[in-house]
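In what follows, a single structure is set out as structure tokens and then discussed.
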Amino acid sequence: MKPYYITTAIDYTNAAPHIGHAYEKVLADVMARFQRKNGREVYFLTGVDQHGQKVQKSAEKAGLSPQEFVDGITEHFTALWEKLNVRYDGWAATTDDRHKRVVQAILQRLHDAGQLYKKSHKGFYSVRQEQFLTDKERGPDGTFAEEWGEVVELEEENWYFRLSDHVDWLKAFIQSHPSFIFPANRAKDVLNALEGSGQDLCISRPIERLSWGIPLPFDPRFVNYVWFDALTNYISFAGYLAEDCGNDLMPEFSRIWPADAHVIGKDILVPPHAVYWPIMLHALGFTDAQIPQLVVHGWWNVKGAKMSKSLGNVINPDALADTFTPDGLRYYLMRDIATGQDSDFSDERLIMSYNKELAGGLGNLLNRSLNMAHKYRGGTLAATGYDDAENAALRQTVAEALPAYISAMNGWAIHDGIAAAWKIVTHANAFVDSTKPFSLAKDPAQSARLDSVLYHLAEALTHVAVLLSPIMPEAMAKARDQLGWEMPAGFHFSDLSWGLLADGHQLGSPQPLFPRLEIETPMA
RNA sequence: GGCAGAGUAGCUCAGGGGUAGAGCAGAGGACUCAUAAGCCUUUGGUCGGGAGUUCAAAUCUCCCCUCUGCCA
């Protein structure tokens with residue numbers, strides 16, 4: 001089977017990462033880990049978009065070279081992914097020479113195929129913002145606002161990509177491929193945008209205006225501008241043209257393409273990912289079957305408002321991971337949003353999800369189960385042949401959780417996947433109260449039953465510690481450690497069946513998995 | 001103005017033709033293995049409004065209202 005190839009958007013290295021960056025990478029990481037446990041070979045690519053005007057300006061302001069500036073910001077991202085246990089297989093940095101070679105090769109091919117042309121554009125240009133202005137930027141009185149500074153009329157030559165040649169193909173493709181965009185209803189936005197847009201795409205900037213970019217191989221007075229640099233990371237780091245470009249350490253492109261999921265935010269669906277990208281691939285000769293799939297996630301708002309620097313409500317994932325542990329944050333980010341929808345970020349709910357669910361629900365269940373097993377049996381499990389309806393009911397809950405979990409996760413409904421696994425936690429907590437192992441321990445006649453209860457708890461918890469491992473890799477590894485069960489190499493969800501723990505299994509010592517946090521005041 | 005999403009319990013949200021669901025918050029209770037955790041019971045909603053289709057509508061259709069986003 002083809003490896004599961006998943007990517008995220010590459011982040012622009014102009015400022016430090018916020019919670020939205022973290023959400024997207026964790027989402028992709030969870031899916032990558034899920035697919036691995038589900039038996040697929042996985043290639044997970046993420047990275048940073050490092051070229052462009054803003055970086056060039058910010059670097060100048062900071063008195064650094066663009067590369068130095070970009071390297072500094074990039075470290076913020078890689079350090080955060082390290083901290084949040086985002087484990088990628090490929091790192092797409094657009095200043096990587098291997099990437100630059102592929103971009104140039106692509107541009108040369110399109111140039112040779114007549115897909116690029118040079119054209120002169122005359123218009124109003126903002127010196128301060130270094131960009132051409134359109135009528136959109138005009139105020140109601142027809143003048144340009146103060147923020148644009150000095151506006152001059154300017155004529156400039158640039159290279160264009162014949163986007164309009166492929167619009168009809170794209171419309172037909174979208175209509176005949178409903179799985180191209182998840183969630184499917186977003187396809188209407190794209191078709192909407194395609195109506196009446198016969199514009200070609202400007203892909204260059206004169207080198208005097210922008211030097212921090214990839215030079216056009218056929219016209220070195222220009223540097224590539226944005227999309228042929230940024231979007232192409234999905235193929236350049238997947239091994240596209242690797243041989244022609246002399247790129248080593250790349251995946252075998254024909255094996256892993258097309259991508260099973262380009263995980264992106266809804267802000268960059270139209271036009272870049274749903275219009276430019278498929279058309280770029282189509283122009284390069286990719287067939288319909290080689291067009292990747294897009295997974296569009298929503299945004300975390302803060303108290304109903306968009307997160308923005310000017311509102312001062314930017315959430316810092318690094319600090320949250322310190323307070324709630326990386327897995328506590330990952331859990332919240334996955335359980336409190338439906339993939340594709342927006343959600344409201346809330347301190348109260350983050351604290352609740354950690355203290356009530358992770359600490360009080362799952363963590364306490366592990367702790368009380370192990371504690372009793374140690375207190376009554378020295379931590380050794382025994383198979384006794386005792387069984388009853390209560391035991392059978394718990395086994396059934398465990399058995400039913402797996403298919404529900406897998407189906408939810410495959411459909412990107414991570415919150416439903418968590419809920420499916422959580423049914424085991426809820427049932428097991430109730431199971432303790434109904435079977436009362438602490439009472440059974442006082443009655444020697446109930447010895448066999450006590451053993452069966454302790455076994456059922458430990459076994460059920462082992463299943464939970466596998467199912468939730470894509471969401472909380474570190475904490476679930478600790479849980480398995482406490483359970484004394486090491487997941488065999490190459491263990492897959494399909495290997496989950498009752499009886500992972502053997503007769504005579506020795507449990508580890510209990511230690512609070514998610515220590516309860518005393519937080520009174522919600523943090524800002 | 002067009003398109004999309006949302007409008008369901010005090011709060012956050014799930015569900016999506018067949019007696020209204022979860023978590024949190026509130027109330028009461030029993031228990032004690034445990035991270036002052038967990039368990040049981042319970043209060044609480046004419047599912048934005050109106051009309052229609054149907055034996056049956058929160059769910060489908062149409063109209064309208066409010067919020068959000070994108071586009072013009």
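Chain A is the first sequence line, chain B the second, and so forth, proteins listed ahead of strands; every chain is numbered from 1.
- Here the P atom of nucleotide B/C33 and the CG atom of A/Leu507 are 19 Å apart, to the nearest Å.
- Aromatic ring pairs are classed by plane angle as parallel below 30°, tilted from 30° to 60° and perpendicular above 60°; the pair A/His177 and A/Phe173 is parallel.
- For RNA chain B, runs of at least 3 consecutive pairs of the Watson-Crick or G-U wobble type, with both hydrogen-bonding distances under 3.5 angstrom, map to B:1-7 with B:65-71, B:10-13 with B:21-24, B:26-29 with B:39-42, B:48-52 with B:60-64.
- Taking each heavy atom of A/Ala465 and A/Arg480 in turn, the nearest pair found is O-NH1, 2.9 Å.
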Give every pair of a protein N or O atom and an N or O atom of nucleotides 34-38 of chain B that lie under 3.5 Å apart, one pair per line with the distance.
from: B/A34; atom 1: OP1; to: A/Lys375; atom 2: NZ; distance (Å): 3.1
from: B/A34; atom 1: O3'; to: A/Asn367; atom 2: OD1; distance (Å): 3.1
from: B/A34; atom 1: O2'; to: A/Asn364; atom 2: OD1; distance (Å): 2.7
from: B/A34; atom 1: O2'; to: A/Asn367; atom 2: OD1; distance (Å): 3.2
from: B/A34; atom 1: N1; to: A/Arg368; atom 2: NH2; distance (Å): 3.4
from: B/A34; atom 1: N3; to: A/Asn364; atom 2: ND2; distance (Å): 3.1
from: B/A34; atom 1: N3; to: A/Arg368; atom 2: NE; distance (Å): 3.3
from: B/U35; atom 1: O2; to: A/Phe514; atom 2: O; distance (Å): 3.3
from: B/U35; atom 1: O2; to: A/Arg516; atom 2: N; distance (Å): 3.0
from: B/U35; atom 1: N3; to: A/Phe514; atom 2: O; distance (Å): 2.9
from: B/U35; atom 1: O4; to: A/Gly363; atom 2: O; distance (Å): 3.2
from: B/U35; atom 1: O4; to: A/Leu513; atom 2: N; distance (Å): 3.0
from: B/U35; atom 1: O4; to: A/Phe514; atom 2: N; distance (Å): 3.3
from: B/A37; atom 1: OP1; to: A/Arg516; atom 2: NE; distance (Å): 3.2
from: B/A37; atom 1: OP1; to: A/Arg516; atom 2: NH1; distance (Å): 3.4
from: B/A37; atom 1: OP1; to: A/Arg516; atom 2: NH2; distance (Å): 3.1
from: B/A37; atom 1: O2'; to: A/Gly360; atom 2: O; distance (Å): 2.7
from: B/A37; atom 1: O2'; to: A/Asn364; atom 2: ND2; distance (Å): 3.0
from: B/G38; atom 1: O2'; to: A/Arg368; atom 2: NH1; distance (Å): 2.8
from: B/G38; atom 1: O2'; to: A/Asp433; atom 2: OD1; distance (Å): 3.3
from: B/G38; atom 1: N2; to: A/Asp433; atom 2: OD2; distance (Å): 2.7

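- Between A/His456 and A/Trp498, the gap from one ring centroid to the other is short of 6.0 Å.
- Under the 6.0 Å cut-off for aromatic ring centres, A/Tyr332 and A/Phe345 qualify, their centroids lying closer than that.
- Between A/Lys266 and A/Asp342 a salt bridge is recorded (basic side-chain N to carboxylate O distance below 4.0 Å).
- Sequence order on RNA chain B of the closest nucleotides to A/Lys188 and A/Met372 puts A/Lys188 first from the 5' end.
- Each of A/Ile424, A/Thr426, A/Leu370, A/Leu461 was checked for a side-chain contact (heavy atoms from CB on, under 4.5 Å) with A/Leu365, and the lone residue meeting it is A/Leu461.
- Atom P of nucleotide B/G23 and atom NE2 of A/His415 are separated by 15 Å, given to the nearest angstrom.
- Remark: P of B/C13 and CD of A/Gln341 are 10 Å apart, rounded to the nearest angstrom.
- A/Tyr386 and A/Asp388 share a donor-acceptor pair across their side chains, judged by distance under 3.5 Å alone.
- Side-chain contact annotation: A/Asn391 with A/Ser452, donor-acceptor N/O pair under 3.5 Å present.
- For A/Asp189 and B/G2, the CG to P distance is 16 Å, given to the nearest whole Å.
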